[in-house]
Amino acid sequence: MDGLRNRGMFGSSVFEEQEMERESSHYILSDVGLPSLGDRSSRRVNFKPRRFVVYPHDRRYRVWENFLVILVVYTAWVSPFEFGFLHKPHHVLSITDNVVNGFFALDIVLTFFVAYLDKATYLFIDDRKKIAWKYGRSWLAFDIISTIPSELAEMIFPKPLSSYGIFNMLRLWRLRRVSAMFTRLEKDTNYSYFWVRYSKLICVTIFVVHNAGCFIYLMAANFHDPGETWIGAVLGADFKEKQSLLSRYVTSVYWAIVTFTTVGYGDIHPVNTGEMAFDIFYMLINLGLFAYLFGNMTNLVAHSGTRTRLFRQHLQAASSFAVRNQLPRRLVDQMLENFYLKYRTGTEALQQQETLDSLPKAIRSSISNYLFYPVIENVYLFRGLSKDFLFPLASEMKAEYFPPKEDVILQNEVPTDFYIIVTGAVDLLVFKNGVEQVVREAKAGDIFGEIGVLCHRPQLFTVRTKRLCQLLRLDRTTFLNIIQVNVGDGTIIMNNLLQHLEDMKDPIMEGILTETENMLARGRIDLPLNLCFATLRGNDSLLHRLLERGLDPNESDNNGRTALHIAASKGSENCVLLLLHHDADPNCKDSEGIVPLWEAMLGGHHKVARLLNENGANINAGDVGHYACTAVEKNNLSLLKKIVHYGGDVTCLSHSGSTALHAAVCEGNLEIVKFLVEQGADIDKPDFHLWTPRNLAEHQGHEEIIAFFKSSKEMKTDQSLKSVPEKPETRSLIRFSSVPIIRPAAAGPDSSDGSWSQTSHKHQTNNFRKSLFGIMSAAQYGEKDFLVSGLGSNSSKGLNNSIITSTRVVISCPEVGKINGKLVLLPGSYRELLDIGAQKFGISSAKVVSKEGVEIDDIDVIRDGDHLVFVSNDQ
């Protein structure tokens with residue numbers, strides 16, 4: 001509707017104040033706007049009216065209405081008084097009347113800007129045209145007439161209607177505001193209903209008596225013979241001159257009240273026929289009004305004692321029942337104590353559950369979770385459960401109170417409910433040889449009755465309260481229904497129960513544990529168990545039964561772990577055999593990339609690891625780099641060797657971007673570093689942060705590892721110069737066909753193998769590909785850019801048919817401010833390298849040194865990724 005807008009009201013902050021006011025107060029149903037069915041808008045019932053429109057529940061407008069109620073009370077007294085006792089305007093009353101009329105005139109103007117509730121749609125209307133039309137058709141005329149000054153009415157209206165006081169009675173129309181105020185207060189729980197109702201009845205009585213006294217005096221004052229009137233017979237015919245206004249008013253009110261209560265004493269009675277007629281009419285009205293007033297009074301008084309009367313009736317009935325059935329004294333005391341508890345806690349405490357049940361499900365669930373969730377999540381049975389399980393569990397909990405020395409559960413009772421202690425304490429009792437024995441005490445946060453519910457067996461103990469207890473109760477059917485929806489959580493609950501029985505180290509509980517496990521193996525428990533639970537318990541009988549039922553051997557939990565993962569980690573050989581026999585995947589990975597073979601290796605279960613390996617388990621199916629790093633972090637060289645034994649590559653990167661060699665350097669373990677280097681780990685291989693193992697060793701100051709890296713690097717260089725290819729006809733990667741031939745010492749200069757000149761190359765391409773700059777180049781240009789033809793001045797030279805590669809180096813010249821350097825292709829000769837330096841940095845006479853300051857005079861000693869520095873010959 002166009003009348004429903006979200007605009008400001010008295011400014012931007014008024015709506016926020018109004019919202020706080022409404023949220024903290026109690027709503028009155030007849031004053032609340034309801035959204036239409038199916039309304040998808042985000043507009044709240046407490047809408048934001050358009051500009052210059054007043055919301056009827058605004059705090060300031062409520063203050064204005066309450067102020068007008070005070071003025072209405074003044075009008076209700078002065079209008080009948082002026083009508084009955086005054087024949088001309090009184091100076092003080094006349095001024096006060098006009099001031100009051102001014103306020104009501106202002107309210108007439110304000111009403112044109114007050115939104116109203118449409119009774120047909122229950123929507124607030126803030127369209128000013130509709131507001132004006134509705135007000136004009138309803139109360140506008142009456143409000144205007146009741147606001148006209150009496151002096152003006154005397155001049156306008158004809159003689160019979162111009163008498164002072166007659167027109168003032170029209171102002172009683174304003175009493176509807178008082179009626180609306182009492183209606184609102186009766187529904188507001190911030191105020192006592194008894195006293196609001198009582199005040200209303202008193203006000204009605206005073207108003208009726210006041211009006212009756214003023215009217216009966218008016219009849220006597222205007223009668224032609226003052227002596228033949230009720231007041232003339234008492235005060236004399238000259239009562240107007242001899243008696244004061246106050247005396248006449250009190251006498252009139254006295255006559256009205258004794259007549260109203262029908263206890264007239266005979267001292268004042270009607271004299272003439274007119275007074276008798278009025279008295280008859282007044283008494284007829286009093287019959288109904290008197291019955292209404294005293295009926296309400298009686299009901300209010302009687303209602304205050306109803307709670308005590310009902311308590312006494314229930315107590316007497318319980319005592320009679322106990323005597324008639326000859327119940328033992330202990331049971332009688334429990335019955336009576338329960339009634340006393342309910343009486344002491346009051347009606348509100350007794351109706352807690354009724355109050356929750358009367359609310360919508362979403363509100364009820366939110367309240368229950370707010371109250372009970374912190375208690376439930378700390379109970380041992382529900383630890384490790386998901387919120388998807390705990391949320392509906394808390395919503396279904398019922399809160400109950402038990403007085404001291406009352407039985408909550410009886411031994412051997414049918415298991416229908418279990419309880420959680422919120423406050424208080426209980427004793428767990430067993431009945432042996434006719435004597436009750438206390439097994440243990442349960443306190444706040446403990447649970448009892450769960451063994452009977454989960455294992456579907458009679459209750460083990462009698463549970464008796466030690467003091468006043470608040471308990472949370474849940475029935476077995478509801479609990480199992482929640483578990484059916486959350487099967488994984490159900491297995492956690494059962495495992496928590498069995499683990500709790502084990503940890504108690506109690507002979508009784510050990511027997512229950514054994515019996516429960518046997519029931520699980522025989523499938524006599526209704527809980528929806530899965531393979532992970534059976535494997536976790538190491539119960540191969542239960543696992544076999546579940547697999548025979550057709551359960552998926554590869555089903556996983558929330559973390560992706562399968563039953564084979566659990567069996568391998570626990571070293572359960574029989575469970576592993578069963579799972580593999582039913583086609584479980586030996587290479588399945590969990591959410592962290594862990595395979596069952598690694599679980600067995602990590603746990604030191606070598607038989608299980610061999611069994612998995614023989615049945616197709618491959619360590620490389622998982623994150624081998626992560627496994628190797630884990631072994632290094634544990635400083636476990638034997639575990640690292642096991643990875644190699646099962647075919648794992650301990651030199652590859654893990655998912656975190658580092659290798660085992662990085663981890664070994666960080667740990668400072670020289671023995672593992674040597675082993676990894678023997679397995680082919682590259683000391684120049686960077687991780688995701690571009691740190692190489694050699695840089696890490698230098699940064700962390702591991703001198704032994706640094707020395708080992710240098711010796712291994714020199715050894716590899718010597719071996720590369722002395723090695724001879726096994727197949728001379730194989731062509732290796734060279735950069736240019738004009739490169740000088742370097743023959744290995746084993747072949748000699750007189751070797752007759754003419755193919756060697758075409759297979760030699762100066763630089764190992766693998767060194768570059770594994771270097772920092774090689775990885776950066778590969779990421780930027782792709783793998784194909786590592787195999788390119790020669791550039792620069794050598795581009796005109798012919799290339800042979802073999803695959804060609806280029807070498808990249810970083811050049812810099814701190815003398816001219818070029819510190820960061822530039823990445824260039826290494827030319828074919830040392831002279832060309834000097835020319836590049838002269839071209840890039842403007843140094844005509846220069847020499848080339850390494851980053852460490854060692855002079856380079858031959859291009860053949862330069863490797864891929866080296867940092868070359870150009871300096872002048874003068875230095």
Side-chain angles (χ1 to χ4, degrees), residues 384 386 488 491-492 495 530-538 540 543 547 551-664 666-667 672 676 679 681 687-688:
S386 64
T491 60
I492 297 176
N495 186 66
N530 57 16
L531 300 179
C532 293
F533 171 77
T535 309
L536 189 64
R537 300 298 307 172
D540 51 354
L543 179 63
L547 288 171
L551 270 67
D552 183 10
N554 294 313
E555 70 178 7
S556 60
D557 59 13
N558 296 332
N559 297 321
R561 288 170 58 84
T562 65
L564 193 58
H565 282 92
I566 300 174
S569 65
K570 298 182 70 66
S572 303
E573 188 174 353
N574 291 339
C575 293
V576 172
L577 285 171
L578 280 172
L579 292 167
L580 292 175
H581 177 71
H582 286 80
D583 300 326
D585 183 8
N587 294 315
C588 54
K589 296 186 293 185
D590 63 8
S591 58
E592 296 181 357
I594 306 299
V595 295
L597 179 56
W598 173 245
E599 293 277 12
M601 295 167 58
L602 194 60
H605 309 300
H606 304 304
K607 290 184 178 180
V608 175
R610 285 197 300 269
L611 179 61
L612 289 169
N613 183 251
E614 292 169 359
N615 285 272
N618 185 3
I619 191 68
N620 292 306
D623 189 353
V624 182
H626 174 66
Y627 305 158
C629 291
T630 302
V632 173
E633 290 171 359
K634 293 178 176 292
N635 291 319
N636 194 335
L637 180 59
S638 60
L639 182 58
L640 205 59
K641 291 179 179 179
K642 282 291 182 182
I643 297 175
V644 177
H645 173 72
Y646 288 112
D649 182 10
V650 294
T651 66
C652 62
L653 287 169
S654 67
H655 64 272
S656 61
S658 62
T659 65
L661 187 57
H662 287 86
C666 291
E667 295 290 333
I672 293 180
L676 292 172
Q679 297 300 319
D687 60 5
F688 283 2

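The side-chain contact (heavy atoms from CB on, under 4.5 Å) check on A660 picks up A628, V632, L676, with sequence neighbours excluded. In this structure, the side-chain contact (heavy atoms from CB on, under 4.5 Å) partners of L611, at least two apart in sequence or on a different chain, are E573, V576, L577, L580, N615.
Between L661 and A681, the shortest heavy-atom distance links the atoms CD2-CB, 3.9 Å. When all heavy atoms are compared, the tightest approach of V608 to A600 is CG1-CB, 3.9 Å. Taking both residues in full, the closest heavy atoms of A621 and N587 are given as CB-CB, 3.8 Å, listed atom of the first, atom of the second, then distance. Listed here is the closest heavy atom pair of I643 and V650: CG2-CG1, 3.8 Å.
Among residues at least two apart or in separate chains, side chain to side chain donor-acceptor pair (under 3.5 Å) pairs with a member in residues 590-613 are R561-E599.
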Review point. Going through the distances and angles, do L639 and L602 end up as a side chain to side chain contact (heavy atoms under 4.5 Å, CB included)?
Key: CA-CA 7 Å; L639 182 58; L602 194 60; 3.9 Å; yes
**Study point:** Verdict with reasoning, E667 to I672, per side chain to side chain contact (heavy atoms under 4.5 Å, CB included)
**Key:** CA-CA 10 Å; E667 295 290 333; I672 293 180; over 6 Å; no
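The CG atom of N574 sits 11.0 Å away from the CG atom of L579 when rounded to the nearest 0.5 Å. Here the CG atom belonging to N554 is positioned 5.5 Å from the CG atom belonging to D585, to the nearest 0.5 angstrom. Rounding to the nearest 0.5 angstrom, the gap separating the NZ atom in K641 from the CG atom in N636 is 10.5 Å. Atoms OG and CD1, from S572 and I566 in turn, are 10.0 Å apart once rounded to the nearest 0.5 Å. The CG atom of D649 lies 7.0 Å from the CG atom of N620; values are rounded to the nearest 0.5 Å. If you take SG on C629 and NE2 on H655, they are separated by 9.0 Å, rounding to the nearest 0.5 Å.
The main-chain N or O of G593 is never found under 3.5 Å from a side-chain atom of D623 such that the two would form a donor-acceptor pair.
Considering only heavy atoms from C-beta on, L612 comes within 4.5 Å of L564 through its side chain. With contacts defined as side-chain heavy-atom distances shorter than 4.5 Å, the pair P596/C588 qualifies. Between Y627 and M601, every side-chain heavy-atom pair lies at or beyond the 4.5 Å cut-off.
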